[in-house]
S.K.: 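Can you read through this structure? Questions will come right after.
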There are 2 protein chains.
Amino acid sequence: MARKTREEAQRTRQQIIDAARTTFNQHGVARSSLAQIASAAGLTRGAVYWHFKNKAELFLSMREDVFVPMIERMDTTLFSNSYSDPLDAIEAALKDFFLVLDECPNLRQVLEIMVLRCEQVDEFAEIQAEIERPGQEFLQKMEKVYQKAASHGSLRPGQPASALALDTWAFISGLLHALLTRGFEKKLKQQVPAMIVTHMQLRRG
Amino acid sequence: MARKTREEAQRTRQQIIDAARTTFNQHGVARSSLAQIASAAGLTRGAVYWHFKNKAELFLSMREDVFVPMIERMDTTLFSNSYSDPLDAIEAALKDFFLVLDECPNLRQVLEIMVLRCEQVDEFAEIQAEIERPGQEFLQKMEKVYQKAASHGSLRPGQPASALALDTWAFISGLLHALLTRGFEKKLKQQVPAMIVTHMQLRRG
DNA sequence: TTATACATACACTTATGAATGTATAATCGT
DNA sequence: ACGATTATACATTCATAAGTGTATGTATAA
């Protein structure tokens with residue numbers, strides 16, 4: 001075939017990423033062949049191998065495509081100074097996270113792939129480390145905000161900020177997994193905001 | 001080779017299950033071939049195909065080998081009447097769960113495989129449903145115990161039992177995933193009892 | 001004219017499932 | 001109780017399918 005413009009080439013690259021996302025999501029990472037992905041993008045393996053070294057690199061590129069913006073968005077809400085009570089900032093950030101998850105199918109698909117449809121082992125060990133890090137950083141950020149809430153006086157006394165942050169972290173992680181494994185069914189999805197309110201209510205003074 | 005006694009055959013069956021567990025855990029389910037598993041058990045694929053139809057059936061057998069006893073043990077603690085306060089029963093059951101997880105490497109390996117090293121998709125859909133069900137049942141059991149605690153008067157008022165059960169469920173799920181992904185490192189493991197105490201303390205009256 | 005953006009073809013490896021082989025428990029008839 | 005028969009518990013072999021990475025071809029944008 002013919003050579004494409006640079007912009008066209010970038011579009012095909014994006015098409016491959018999109019095809020990888022849907023294919024990984026449908027069949028799992030291990031069971032998705034590069035031929036399948038290429039075919040889903042209307043291309044051949046040659047195109048895939050031109051743009052990406054192998055499946056692992058394609059996986060990482062697909063992830064970065066949607067992961068970085070999400071983290072930035074959460075941070076801005078979490079550290080926003082438009083909330084008088086830091087606990088409100090946490091509550092808003094948590095709600096916003098699940099709202100984005102509901103609104104952005106690309107992000108949802110990528111999270112589904114990373115959590116459910118990817119065997120975390122061997123050469124994907126580095127990938128796994130990359131997945132963990134945002135969670136760790138989120139834990140530290142939360143602890144800071146809980147400390148702010150403590151000095152603000154809105155926090156129910158008796159527990160250190162670190163313990164509260166751990167509890168919230170486990171709660172969010174578990175809720176995310178529950179949503180992902182149950183396919184974001186309405187019944188559970190509608191309970192999410194109330195669950196967050198309950199969770200935060202338990203630590204208000 | 002020669003034919004074995006029925007008891008010997010049962011032992012080789014168990015050897016295959018053990019080999020599958022360690023192999024799945026090391027390399028992931030998809031990347032583990034039946035030849036690898038057979039070799040790890042000191043056998044050939046012929047033995048595996050004799051005892052199991054295919055990899056999926058072997059996976060399910062490996063799971064049932066350790067999963068059923070765990071559920072029974074949790075239930076006995078959860079519904080034990082040796083605790084005057086139902087909240088203490090919940091706290092004890094949660095602590096016991098993570099204690100068993102720490103003590104029983106087989107159960108830990110199987111959970112690691114199911115959560116981290118198994119792509120939940122396609123023909124494993126039934127398997128996934130089997131994995132979800134205990135979680136769902138646990139949620140319902142918890143709700144009952146929270147209701148008992150409410151009528152017992154030890155529960156901090158303001159939240160329905162269903163909401164509290166959901167929160168605890170998400171907490172446990174998240175904590176389990178955290179432990180599994182971080183390889184049960186001591187630092188986090190030692191925090192588990194305190195986290196459970198914190199979690200329960202937040203809902204005591 | 002050359003580097004790019006792919007498509008096509010090739011060589012190699014690996015896994016699966018079924019077929020076949022085989023020594024011996026287990027069972028059955030006498 | 002003992003040999004003959006049969007079913008069992010595997011090992012071995014075979015046929016086939018898929019996937020990967022690389023090498024090569026090629027039209028065209030740069």
Side-chain angles (χ1 to χ4, degrees), chain A residues 1-20 22-62 113 117-119 121-124 127, chain B residues 1-20 22-62 113 117-119 121-124 127:
Chain A
M1 278 295 206
R3 178 178 175 183
K4 306 277 186 65
T5 304
R6 287 202 200 86
E7 303 143 14
E8 286 176 326
Q10 276 308 105
R11 262 183 284 169
T12 60
R13 189 191 130 97
Q14 186 63 42
Q15 282 171 19
I16 294 171
I17 287 183
D18 292 340
T22 59
T23 307
F24 285 157
N25 192 48
Q26 274 183 39
H27 308 293
V29 175
R31 301 177 70 85
S32 297
S33 70
L34 296 184
Q36 264 183 290
I37 295 171
S39 171
L43 302 164
T44 69
R45 282 191 312 129
V48 177
Y49 275 104
W50 173 255
H51 285 282
F52 307 96
K53 187 185 170 192
N54 49 30
K55 197 199 276 187
E57 194 182 294
L58 172 55
F59 181 96
L60 282 176
S61 300
M62 171 205 73
I113 292 165
R117 321 220 196 280
C118 165
E119 299 190 353
V121 75
D122 284 350
E123 81 252 34
F124 282 88
I127 293 179
Chain B
M1 280 291 208
R3 178 179 174 184
K4 306 277 188 64
T5 304
R6 287 203 199 88
E7 302 143 16
E8 284 176 327
Q10 277 307 105
R11 261 183 285 168
T12 60
R13 189 192 131 96
Q14 186 62 43
Q15 283 171 17
I16 294 171
I17 287 183
D18 292 339
T22 59
T23 307
F24 284 158
N25 192 48
Q26 275 183 39
H27 308 293
V29 175
R31 301 178 70 84
S32 298
S33 70
L34 296 184
Q36 265 183 289
I37 294 171
S39 171
L43 302 163
T44 69
R45 283 191 312 130
V48 177
Y49 276 104
W50 173 256
H51 285 283
F52 307 95
K53 188 184 168 192
N54 50 29
K55 197 198 277 187
E57 194 181 295
L58 173 55
F59 181 97
L60 282 176
S61 301
M62 172 204 72
I113 292 166
R117 321 218 197 283
C118 164
E119 299 190 352
V121 75
D122 284 351
E123 81 250 35
F124 283 87
I127 294 178

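Just so we're on the same page: letters track the sequence lines, and every chain starts at 1. Just so it is clear, the structure is predicted and the values come from calculations on it, not from any experiment.
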S.K.: Please confirm whether the shortest side-chain N or O distance from B:H51 to OP1 or OP2 of D:dC10 is below 4.0 Å.
M.R.: yes
S.K.: Can a side chain N or O of B:R6 be found less than 4.0 Å away from OP1 or OP2 on C:dT27?
M.R.: yes
S.K.: Just N and O in the side chain of B:T12: are any of them under 4.0 Å from OP1 or OP2 of D:dC10?
M.R.: yes
S.K.: Are A:L43 and A:V48 close enough that some pair of their side-chain heavy atoms sits under 4.5 Å apart?
M.R.: no
S.K.: Identify, between A:L34 and A:E7, the residue whose nearest nucleotide on DNA chain D lies closer to the 5' end.
M.R.: A:L34
S.K.: Hunt down the Watson-Crick or G-U wobble partner of D:dA30, both distances under 3.5 Å, from any strand shown, or write none.
M.R.: C:dT1
S.K.: Could you go over nucleotides 8-10 of chain C and give all protein N or O partners under 3.5 Å, atom names and distances?
M.R.:
residue: C:dA9; atom: N6; partner: A:R45; partner atom: NH2; Å: 3.4

S.K.: Nearest-Å distance, NZ (A:K4) to P (D:dA29)?
M.R.: 11 Å
S.K.: Check step by step if side chain to side chain contact (heavy atoms under 4.5 Å, CB included) holds for B:D18 and B:Q14.
M.R.: CA-CA 6 Å; B:D18 292 339; B:Q14 186 62 43; 3.2 Å; yes
S.K.: Starting the side chain at C-beta, find the nucleotide from D:dG19, D:dT8, C:dT16 nearest to B:R3.
M.R.: D:dT8
S.K.: Looking only at the side chain of A:T5 (C-beta and beyond, no hydrogens), which of the listed nucleotides D:dA30, C:dA5, D:dA9 gets closest?
M.R.: D:dA30
S.K.: Nearest 0.5 Å, what's the NE2-CD1 distance between A:H51 and A:I16?
M.R.: 5.0 Å
S.K.: Taking CD from B:Q14 and C1' from D:dA9, how many angstroms apart are they, rounded to a whole number?
M.R.: 17 Å
S.K.: So which atom in A:F24 and which in A:R117 form the shortest heavy-atom distance, rounded to 0.1 Å?
M.R.: O-CD, 3.8 Å
S.K.: Distance check, rounded to the nearest 0.5 Å: A:R31 atom CZ versus B:E119 atom CD?
M.R.: 8.0 Å
S.K.: Rounding to a whole Å, what distance do you find between A:H27:NE2 and D:dA18:P?
M.R.: 14 Å
S.K.: Between D:dC10 and B:W50, is there an OP1 or OP2 to side-chain N/O distance shorter than 4.0 Å?
M.R.: no
S.K.: What do the steps show when you test B:Q10 against B:E7 for side chain to side chain contact (heavy atoms under 4.5 Å, CB included), and what is the final call?
M.R.: CA-CA 5 Å; B:Q10 277 307 105; B:E7 302 143 16; 5.6 Å; no
